[in-house]
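Within every chain, numbering begins at 1; the chains are lettered A, B, ... in the order of the sequence lines, protein sequences first and strands thereafter. Treat the numbers as computed from the prediction; the structure is a model and nothing was measured.
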There are 2 protein chains.
Amino acid sequence: MSLHQVARACKALHHTFVDRSSARVTLKDIARLAGVHPATASRALDPARGDMLTPETRDRVRRVAQEAGYQVNSFARSLRKNSSGMVGVVVADVANPFLPPILRGIEQIIRAEQKLLLIAETHDDGSTLLEIIDHFVARRVDAVILSAAHLGDEHAVASLAEKIPVVLAVRSVGSARFPTITHDDVLGGQLAAEHLVSLGHRDLAQLRGPMDVSSFRGREQGFAAVMSTTTALERFVDQSATAPTVEEGRRLAKAILDTPGRHPTAFFAHNDLMAVGALEALRDRGLTCPRDISIVGYNDAPLSNHVNPPLTTVRLPSLELGRRVATLALAVIAGSPTEPTIEKLPPELVIRQSTAAPSHP
Amino acid sequence: MSLHQVARACKALHHTFVDRSSARVTLKDIARLAGVHPATASRALDPARGDMLTPETRDRVRRVAQEAGYQVNSFARSLRKNSSGMVGVVVADVANPFLPPILRGIEQIIRAEQKLLLIAETHDDGSTLLEIIDHFVARRVDAVILSAAHLGDEHAVASLAEKIPVVLAVRSVGSARFPTITHDDVLGGQLAAEHLVSLGHRDLAQLRGPMDVSSFRGREQGFAAVMSTTTALERFVDQSATAPTVEEGRRLAKAILDTPGRHPTAFFAHNDLMAVGALEALRDRGLTCPRDISIVGYNDAPLSNHVNPPLTTVRLPSLELGRRVATLALAVIAGSPTEPTIEKLPPELVIRQSTAAPSHP
DNA sequence: CTGTCTTGTGCAATGCATTGCATCGCGATG
DNA sequence: CATCGCGATGCAATGCATTGCACAAGACAG
């Protein structure tokens with residue numbers, strides 16, 4: 001018994017257990033059963049082209065297809081149409097709590113369009129991004145929603161955009177050469193700053209997120225802009241976080257608290273996780289929030305209203321952003337002129353208990 | 001000028017802006033450039049079949065392909081191979097904080113295999129599940145990782161399994177007819193119960209998650225099993241949550257606290273979000289945790305160590321689960337005999353400050 | 001030196017839906 | 001009655017990679 005034969009026998013055996021033989025019904029079968037030509041069957045099953053046929057023919061074909069449990073072979077269709085019916089989404093990290101609402105918004109729209117979502121993570125790694133882009137291009141994704149862009153990625157995005165429609169979400173690249181929808185982070189930073197200043201704080205510090213990401217940079221600029229128009233002092237902090245995590249927030253806050261002299265009376269953390277890290281740093285130093293230091297977070301992450309103290313934060317319309325970005329992607333796929341617009345969705349300040357007027361000793 | 005011509009003109013115009021003409025290099029081109037037959041080129045580019053050729057031929061083809069920037073047309077390949085190189089993942093809700101680590105684990109393994117992940121959400125809705133399954137079948141996903149199963153879904157899963165290899169993650173269906181990897185929720189419930197009992201609690205109540213989901217049911221059983229072997233009393237609570245959310249946790253806790261008479265001294269919430277909801281309910285009633293009531297959560301969700309008080313909870317090896325489940329899926333795809341095993345990963349109790357000995361007045 | 005085996009490569013069929021063009025038939029019009 | 005037109009449907013090419021089989025040339029044994 002040759003090796004070949006053995007292999008075949010195994011296969012046969014396997015099939016007796018799980019028959020995935022998938023003696024699939026093809027369009028030709030339907031056509032035969034309905035007594036028409038495959039081409040006619042194809043048209044009958046295409047909602048857009050169904051009215052090309054006699055209603056009886058069309059309905060007969062549809063009925064037959066229904067009964068036979070026909071499903072198009074999406075490979076064949078894609079091969080012919082050269083489009084996959086999938087939309088690729090690139091995110092930095094699914095675990096980031098601000099993503100799910102965005103993904104959900106995207107999903108709602110995309111699913112309604114009978115398309116499927118392909119999700120991939122870059123972990124903020126440039127070469128992974130390139131790899132993913134390759135995959136998406138190879139898979140002929142109909143469009144890419146990119147929410148993991150760094151400021152330096154313009155070139156990569158441009159070369160992707162040559163091949164596939166691209167929509168930028170949340171994070172923009174340097175220039176506005178691509179259709180983009182982000183949160184209005186400059187405004188967000190302003191809201192945070194104005195809130196703290198209006199409480200009476202005059203010595204403030206930012207706990208900055210990675211500065212090669214447009215959204216953090218926007219927050220920084222908005223915050224700084226307000227500072228420059230008031231008598232308040234923004235304490236310059238040399239470092240920014242390598243990642244917007246609890247650990248990095250703690251590290252940055254510690255660095256500030258370890259600086260000799262008086263410390264600032266308020267922090268603006270570039271996201272809630274970092275704010276929580278700052279909270280930890282305070283606790284470690286025996287300080288309390290907001291009595292000693294007020295903290296404003298960003299994102300209104302789940303549970304950020306349940307930490308101690310509940311965080312004052314900036315809430316982002318993420319579901320809405322997801323929906324818009326998906327709608328935009330769909331429009332671009334449909335071939336509507338790709339205006340390289342950038343749309344910014346306004347955030348909202350949520351005041352809770354991590355901010356208060358500074359205590360004057 | 002006919003409508004047709006206008007359309008074409010528009011198209012041409014559009015192309016001058018964004019040339020997606022994608023004059024794609026096909027295998028035939030490569031073959032021609034390398035002076036071989038397409039079949040040979042195909043073999044040269046297939047790592048598994050590369051040694052079938054003369055090294056020179058193979059390398060020449062590869063070089064040419066490289067230089068020409070050749071990429072297989074995945075549709076054509078899939079059509080031929082009748083496999084898509086994608087793995088579908090079905091989850092209940094991406095926003096659920098315990099998912100990201102699992103997804104990440106899955107992604108690590110799947111990406112390493114050059115496959116892509118297709119993610120879809122059911123929102124715990126049965127008909128959505130069916131719809132998604134249809135999509136996945138139509139797209140000829142290589143395997144489905146299903147982590148959104150309800151106990152009653154056995155039939156749907158069986159019919160899916162006829163067409164595509166299925167692996168169950170996190171949640172099992174009633175019987176163990178499919179390869180499954182879950183957390184050991186019975187053990188998790190036990191750990192929670194034992195911890196509370198050993199602290200001296202004798203009057204306890206569960207805040208139960210949806211009982212049509214195996215993982216919540218496991219937690220309940222593990223907890224109840226310990227109760228039955230001790231002198232402690234499990235307060236029977238009629239209701240269970242319709243969804244494992246903060247709101248539902250609060251509702252359930254309120255219902256218990258509103259019952260006349262003494263209240264239990266400890267809650268076991270079936271996940272951290274519900275635990276946080278219970279925390280809120282306590283606060284609303286002027287009670288404090290753990291002085292009046294101890295609470296054990298489940299999942300060790302992000303920030304659950306930062307709520308007030310930090311939650312005692314059950315930590316799950318989710319990343320590991322994701323990795324294993326993906327590995328299992330890969331094995332099943334590769335055709336290894338589909339033993340309908342169920343593997344349970346042990347959780348771990350994390351003691352923080354939401355639990356303490358009951359105060360005896 | 002012939003026969004057999006091996007190894008490398010070519011041939012052609014295959015998978016399946018889509019779509020531009022051709023055709024057929026029928027009713028309408030001159 | 002011949003012709004034109006139009007609507008419905010059939011025909012066949014197309015998209016591209018994969019793979020079983022066949023064939024050829026070279027190696028080696030008898």
Side-chain angles (χ1 to χ4, degrees), chain A residues 2-5 7-8 11 21-62 65 68 70-85 137-140, chain B residues 2 4-5 7-8 21-62 65 68 70-85 137-140:
Chain A
S2 79
L3 209 88
H4 201 91
Q5 284 171 317
R8 181 173 308 186
K11 207 164 177 182
S21 56
S22 77
R24 288 259 303 195
V25 210
T26 78
L27 188 61
K28 219 188 284 183
D29 299 326
I30 301 303
R32 192 163 26 74
L33 289 172
V36 296
H37 192 272
T40 310
S42 172
R43 289 186 270 254
L45 265 16
D46 180 342
R49 227 175 312 243
D51 48 5
M52 204 185 250
L53 308 188
T54 327
E56 298 102 65
T57 315
R58 185 193 49 193
D59 294 342
R60 179 160 36 92
V61 173
R62 290 194 176 168
Y70 171 73
Q71 269 192 321
V72 293
N73 181 320
S74 68
F75 302 146
R77 167 177 290 175
S78 296
L79 178 60
R80 196 66 238 277
K81 295 200 162 182
N82 199 32
S83 122
S84 62
V137 172
R139 284 265 173 4
R140 288 281 213 304
Chain B
S2 79
H4 200 92
Q5 285 171 317
R8 181 171 308 185
S21 57
S22 77
R24 287 259 303 194
V25 209
T26 76
L27 188 61
K28 219 189 285 186
D29 298 327
I30 300 303
R32 191 163 26 75
L33 290 171
V36 295
H37 191 273
T40 309
S42 172
R43 289 187 270 253
L45 265 18
D46 180 342
R49 226 176 312 243
D51 48 6
M52 205 184 249
L53 309 187
T54 326
E56 297 101 66
T57 315
R58 185 193 50 193
D59 293 343
R60 179 159 36 93
V61 173
R62 291 194 175 166
Y70 171 73
Q71 269 192 320
V72 293
N73 181 321
S74 69
F75 303 146
R77 167 177 289 175
S78 296
L79 178 61
R80 196 63 239 275
K81 294 202 163 182
N82 198 33
S83 123
S84 61
V137 172
R139 285 263 171 10
R140 289 279 212 307

On the nucleotide [N], are OP1 or OP2 found under 4.0 Å from the side-chain N or O atoms that [X] carries?
X	N	result
T54(A)	dT9(D)	yes
R49(A)	dT19(C)	yes
T26(A)	dC16(C)	no
Y70(A)	dC16(C)	no
T40(A)	dG10(D)	yes
T57(B)	dG8(C)	no

Separation of [N] [atom2] from [X] [atom1] (nearest whole Å):
X	N	atom1	atom2	value
R80(B)	dA13(C)	CZ	C1'	8 Å
L27(B)	dT18(D)	CG	C1'	9 Å
E56(B)	dG8(C)	CD	P	10 Å
R60(A)	dA8(D)	CZ	P	14 Å
K81(A)	dC16(D)	NZ	P	17 Å
L53(A)	dG10(D)	CG	C1'	12 Å
M52(A)	dC6(D)	CE	C1'	13 Å
H37(A)	dT19(C)	NE2	C1'	12 Å

Minimum-distance nucleotide to L79(A) side chain [options: dG15(D), dT19(D), dT9(D)]: dG15(D)
Between dA12(C), dC16(C), dC16(D), which nucleotide has the shortest distance from any of its atoms to the side chain of A76(A)?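 Taking heavy atoms from C-beta onward, the closest nucleotide is dC16(C).
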Would you call D29(B) and R32(B) a salt bridge, using N to O less than 4.0 angstrom?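 Here D29(B) pairs with R32(B) in a salt bridge, since their nearest N and O are under 4.0 Å apart.
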Comparing D51(A) and N73(B) on DNA chain D - which has the more 5′ nearest nucleotide: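 Between the two, 5'-proximity favours D51(A).
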Base of dT18(C), side chain of R77(A) - is there a donor-acceptor contact under 3.5 Å? no
Distance-only donor-acceptor test, R43(B) side-chain atoms vs dG10(C) base atoms, 3.5 Å: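 Per atom types, the contact qualifies.
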Side-chain contact test, heavy atoms from C-beta onward, threshold under 4.5 Å: evaluate it for V61(A) versus V36(A) and give yes or no. yes
Do [X] side-chain atoms and [Y] backbone N/O form a donor-acceptor pair below 3.5 Å?
X	Y	answer
R62(B)	A44(B)	yes
T26(A)	K28(A)	yes
R49(B)	S42(B)	no

Report the residue (P38(A) or P55(B)) whose heavy-atom-nearest nucleotide on DNA chain C is the more 5′ of the two. P55(B)
